[in-house]
Amino acid sequence: MLGLHVSTSLSEIRLQLDRTTEMKHLLVEEGGLPFDSVQSAGDSITKAGVEGLFLQPHEFLQVASLLRAARLLRSLLAKKKETMHLLWELAGDLYIDKVLEYNIEQAIDETGAVKDGASRELQSIRRAVNGRYENLRKTLEGILRQVSGFGFTQEEIITTREGRMVIPVKSEHKNQVPGFIHSASSSGATVFIEPAETLDLNNEIRSLHFQEQREIERILRTLTGQISEVRQQLLRDADVLTTVDVLFAKAKYSIETLGVAPTVVDDGPFVLVKGRHPILLMNHGYNTTVPLSLTLGTDIQTLLISGPNAGGKSVAMKCVGLLVLMVQAGLHIPASDETTFRIFMKVLVDIGDDQSIENDLSTFSSHLRHLKTIAEQADKDTLVLIDEIGSGTDPSEGGAFCSRTAGTSHRSAGLHHRNNTPRDAQGVRTRDPRYRECRDGV
C-alpha cells in the first residue's frame with residue numbers, strides 16, 4: 001500500500017473512520033500492537049509458488065515474522081471482539097499455522113543462517129567438518145613450527161586461500177616445503193603453500209562442505225514446499241496485516257494530534273469547528289496553532305477571504321482542503337468533535353504560480369487555464385479552492401474578473417481567496433448575499 005485512498009463512498013469513509021477509532025482505543029489500552037513490526041513477505045510467498053525455486057533463509061524470516069504477527073494479533077483481538085468488532089471482522093479470519101512457524105524457527109536463526117539442528121544429517125555433517133578442521137589445524141601447526149625452525153617463514157600464522165588452509169613460506173624456500181602453491185603475496189616475497197600432508201584432510205573438508213550445501217538446499221526446498229501449500233492464505237494475511245499497519249499509523253497520528261472522527265454526511269452543510277492545519281500543528285504544537293472555524297453549504301455557497309499579506313488566507317484554504325481529503329481517506333482530523341463534513345466527489349484547486357516559459361504561459365494565463373477546467377468540471381458536489389484569483393493582472397481588471405467569475409460560482413460549494421475586497425465590473429464593492437467577507441482571517 002503506497003498511498004491512502006480518498007473515497008467518495010459514505011459507508012466506506014465511515015467504516016475507515018470507525019476502524020481508526022477502534023485502533024486508537026486499542027493502542028490506548030494496550031500501549032501498542034503485540035509485535036514490533038512485520039517484514040514485507042508478499043514477494044517471498046509468491047516466489048514459493050514458482051516451480052523449481054526455493055526461498056533463501058532471510059526470506060523465511062519474513063514469512064515467520066508474518067505468521068507470528070498474525071497469531072499474536074488474532075489472539076489479542078479474540079479477547080476484545082465484543083468491544084472492537086470492526087477490528088475483529090477485519091483480522092478475525094487471519095490464517096494461523098503454528099507448525100509452519102515452528103518449522104521455520106527451528107531451521108533458521110535470527111541472523112538468517114541455517115541452524116545445525118535443522119536436520120540430523122546437517123548436524124552430523126557439521127560435526128564432521130569441525131572434527132576435520134581441528135585435525136587439520138593441529139597438523140598445520142606442527143608443520144608450521146618445523147618450517148619456522150628452519151627459517152623458511154616470515155611469520156607463524158595459518159591462513160586460508162581458495163577455501164583451503166595454507167601456511168606462508170618465504171619465496172626463496174618454496175621448494176623446501178612439499179605441497180601445492182595456491183598464491184603469492186603482492187610483493188612476491190611470500191607464497192602460500194598447502195603442505196602435501198594436509199591435502200587429504202582439506203579434500204575431505206571440501207567434500208563435506210559440498211554435502212552441507214546439498215543438505216541445506218534440501219531443507220530450504222522442503223520449507224518452501226510447505227509455504228507453497230498455504231501461499232494463498234499467507235498472501236491474504238499479508239494484505240490484512242498491511243491494512244492493520246495503516247490503521248496503526250492512522251491511530252497513532254490521531255493520538256499525537258488529538259484528532260477526532262467528525263460526523264460525515266452525504267449532503268448538507270460543511271461545518272468545520274476549531275480545525276487546525278496539520279502541518280502547522282506538527283511544527284508548532286496544538287496550543288500555538290490558531291484554530292479555524294467556518295460553515296459552507298447553507299445560505300453560504302462561496303466564501304471570499306480578504307486581508308493583508310501574511311494574514312493566513314492561503315493557510316486557511318489549504319487547511320480546509322487537507323482536512324477534507326484526510327477525512328475522506330479515513331483519517332481523524334485535529335478539530336472539534338462538533339465538526340460535520342459532507343462528502344465531496346471532487347476537489348478542484350488553483351493555488352500557486354504555474355507560469356511556464358516552455359509553454360508560453362504567464363502567471364495569469366495559467367490561472368485562466370485552471371479556471372476554465374474548474375468551470376467545466378465543478379458541480380454541486382465539488383469543493384473549489386482558488387487562491388488569488390486575479391493575481392498577475394492590473395488590480396482593477398483582476399477585481400472585475402473576480403466579480404464576474406464568482407457570480408457564477410453558486411453551482412459548487414467553494415472556498416475562494418483573494419487579496420482585494422470583491423468588486424463588480426464597474427469597480428463597486430459587491431454585496432451579493434452569497435458572499436461572506438473575512439477581513440481578519442476565518
Side-chain angles (χ1 to χ4, degrees), residues 3 6 8 270 272 275 277-280 292 294-297 300-329 341-425 430 432 434-439 441-442:
V6 177
T8 56
F270 172 90
L272 175 61
H277 192 291
I279 297 177
L280 290 181
L292 169 69
L294 61 85
T295 299
L296 289 172
I300 300 172
Q301 295 292 332
T302 301
L303 178 63
L304 300 179
I305 307 174
S306 63
N309 289 334
K313 302 182 296 299
S314 296
V315 171
M317 295 182 61
K318 292 176 181 178
C319 178
V320 171
L322 280 173
L323 296 183
V324 165
L325 295 176
M326 286 172 65
V327 168
Q328 294 191 206
F341 275 20
R342 58 163 295 181
I343 296 175
F344 292 103
M345 298 298 174
K346 303 174 188 175
V347 177
L348 302 178
V349 179
D350 180 26
I351 296 177
D353 183 357
D354 283 347
Q355 63 174 310
S356 170
I357 296 176
E358 181 180 352
N359 296 322
D360 194 26
L361 283 176
S362 67
T363 299
F364 190 60
S365 297
S366 69
H367 280 306
L368 286 177
R369 183 183 63 181
H370 292 164
L371 292 172
K372 177 177 181 293
T373 301
I374 290 172
E376 292 172 346
Q377 297 186 7
D379 56 26
K380 65 182 181 63
D381 295 317
T382 303
L383 174 66
V384 177
L385 304 173
I386 302 177
D387 190 20
E388 297 190 358
I389 192 171
S391 65
T393 66
D394 178 87
S396 60
E397 294 175 355
F401 173 77
C402 291
S403 175
R404 292 177 60 83
T405 304
T408 62
S409 63
H410 63 279
R411 295 172 53 247
S412 60
L415 178 63
H416 289 201
H417 151 217
R418 54 192 293 268
N419 275 331
N420 300 316
T421 302
R423 299 175 182 272
D424 61 18
T430 179
D432 191 316
R434 292 193 302 270
Y435 304 136
R436 173 185 172 191
E437 298 179 16
C438 299
R439 296 180 175 277
V442 178

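Sequential numbering from 1 along the given sequence is applied to the chain's residues.
- When every heavy atom of Ile343 is checked against every heavy atom of Thr8, the shortest pair comes out as CG2-O, 3.6 Å.
- In this structure, Gly321 and Leu385 approach most closely via the heavy-atom pair CA-CD1, 3.7 Å.
- Across all non-hydrogen atoms, the minimal contact from Leu383 to Phe344 is N-CD2, 3.5 Å.
- Rounding to the nearest 0.5 angstrom, the gap separating the CG atom in Leu292 from the CG atom in Leu280 is 11.0 Å.
- At least one side-chain heavy atom of Ile386 sits less than 4.5 Å from a side-chain heavy atom of Leu371.
- Taking every heavy atom of both residues into account, Ala378 and Leu348 meet most closely at N-CD1, 3.9 Å.
- Note that the CE atom of Met345 and the NZ atom of Lys380 stand 8.0 Å from one another [nearest 0.5 Å].
- Between Phe270 and Val320, the closest side-chain pair of non-hydrogen atoms falls below 4.5 Å.
- Counting only heavy atoms from C-beta outward, the side chains of Lys318 and Asp387 never approach each other to under 4.5 Å.
- Residues Leu323 and Gly275 come closest through the heavy atom pair CD1-CA, 4.3 Å.
- Taking CG from Asp350 and NZ from Lys372, the interatomic distance works out to 14.0 Å, rounded to the nearest 0.5 Å.
- The shortest side-chain heavy-atom distance between His277 and Leu322 falls under the 4.5 Å cut-off.
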